[in-house]
Amino acid sequence: MRRITLVLAFLLSGIFVSAQTDFGIKGGLNFTFFRVTEGSFGTNPSEEVGFYGGVFFDVEFEDKLHLQPELLYIHIRDFQFLNAPIYLEYDIDKNFHILVGPSLNYFFDFFSNKFKVRADLGLAYSFTENLDMHMKYTLGFEELAPNMVFLGLGYKL
């Protein structure tokens with residue numbers, strides 16, 4: 001396992017060095033939809049509004065293809081977790097982008113099984129070279145993993 005981690009770290013560092021890489025911050029609101037049949041989320045809400053914020057890298061491989069890993073802190077009422085999506089981004093045109101990829105999540109407040117993998121699909125619109133607006137949908141695969149819609153802004157530093 002340690003060797004695999006070292007090999008992955010080496011490969012990723014080579015990608016970041018050889019490709020054009022940008023760094024930025026993002027944040028906004030998230031709308032969470034719980035699928036609860038056998039669990040307790042406090043008063044058993046069906047949806048909640050929260051906020052998120054974090055950092056991202058934008059690594060351009062080709063003219064229209066990017067890799068965009070992110071690390072986000074998400075807060076929903078009494079629940080907090082880290083979200084680390086790894087997006088493959090395709091530029092439809094100069095301003096409009098599609099993002100798709102897995103999302104790795106660590107939930108601080110769950111009773112057990114704190115690590116969950118989910119799927120993300122997103123759209124982004126660039127107002128300027130540095131400022132974009134994005135909307136993402138995260139699909140939870142397990143019964144207690146919530147589905148989410150994110151609406152926010154990103155800014156490349």
Side-chain angles (χ1 to χ4, degrees), residues 1-35 48-76 79-110 113-142 144-157:
M1 181 67 175
R2 184 175 173 183
R3 288 182 186 168
I4 293 172
T5 304
L6 289 173
V7 169
L8 286 174
F10 179 74
L11 290 174
L12 286 175
S13 66
I15 289 170
F16 282 103
V17 169
S18 66
Q20 179 183 343
T21 304
D22 291 316
F23 172 77
I25 58 174
K26 61 175 40 184
L29 295 175
N30 64 301
F31 304 90
T32 305
F33 307 97
F34 295 101
R35 294 180 291 161
E48 286 287 339
V49 177
F51 64 88
Y52 68 97
V55 297
F56 69 92
F57 286 96
D58 183 15
V59 182
E60 184 176 356
F61 288 107
E62 294 183 13
D63 186 32
K64 295 184 174 215
L65 195 60
H66 304 249
L67 180 68
Q68 185 173 307
E70 302 178 355
L71 181 60
L72 305 172
Y73 168 79
I74 299 174
H75 183 88
I76 309 161
F79 298 97
Q80 304 168 45
F81 62 98
L82 293 177
N83 173 253
I86 304 169
Y87 294 119
L88 184 60
E89 178 183 332
Y90 179 73
D91 300 337
I92 293 175
D93 66 22
K94 180 181 174 188
N95 296 334
F96 193 63
H97 320 280
I98 294 177
L99 300 103
V100 64
S103 177
L104 310 174
N105 300 271
Y106 181 80
F107 291 83
F108 297 118
D109 303 319
F110 273 93
N113 195 12
K114 295 182 177 209
F115 181 76
K116 297 183 184 304
V117 177
R118 303 182 306 170
D120 284 15
L121 176 63
L123 300 172
Y125 181 81
S126 298
F127 296 112
T128 67
E129 187 175 308
N130 294 340
L131 180 66
D132 74 32
M133 180 175 72
H134 54 269
M135 180 181 79
K136 303 184 295 183
Y137 180 73
T138 300
L139 175 65
F141 295 120
E142 299 176 30
L144 295 178
N147 297 336
M148 299 181 171
V149 174
F150 294 85
L151 296 173
L153 296 173
Y155 186 77
K156 291 181 185 175
L157 302 173

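Excluded from the calculations below are hydrogen atoms, water molecules and symmetry mates; all remaining heavy atoms, backbone and side chain alike, are included. Values in this document were obtained by computation on a predicted structure and should not be read as measured data.
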Q | Residue pairs, two or more places apart or on separate chains, that pass salt bridge (Lys or Arg N to Asp or Glu O under 4.0 Å) and touch residues 119-137 | A | E70-K136
Q. Which salt bridge (Lys or Arg N to Asp or Glu O under 4.0 Å) pairs, counting each pair once, include a residue from residues 92-104, with sequence neighbours left out?
A. none
Q | ring-ring contact (aromatic ring centres under 6.0 Å, His included) involving Y125 - partner list, sequence neighbours excluded | A | F127
Q: Check ring-ring contact (aromatic ring centres under 6.0 Å, His included) between Y155 and all other residues, then give those that pass, not counting sequence neighbours.
A: none
Minimal non-hydrogen separation, [X] against [Y], with atom names:
X   : Y    : result
K26 : G154 : CB-CA, 3.8 Å
D63 : D91  : O-OD2, 3.8 Å
L88 : H66  : CD1-O, 3.4 Å

Got a list of side-chain donor-acceptor pairs under 3.5 Å for residues 50-57, not counting sequence neighbours?
unit_1	atom_1	unit_2	atom_2	d
Y52	OH	H134	NE2	2.7
Y52	OH	G152	N	3.4

Q.
What I'd like to find out is whether the side chain of T21 reaches to under 4.5 Å of the side chain of D58, using heavy atoms alone.
A. no
Q) In chain order, what residues pass the side chain to side chain donor-acceptor pair (under 3.5 Å) check against N30, with sequence neighbours excluded? A) T32
Q: Could you pull out all residues at least two apart from S103 that satisfy side chain to side chain donor-acceptor pair (under 3.5 Å)?
A: N83, N105
Q | Full working for side-chain contact (heavy atoms from CB on, under 4.5 Å) between F31 and L151 | A | CA-CA 8 Å; F31 304 90; L151 296 173; 3.6 Å; yes
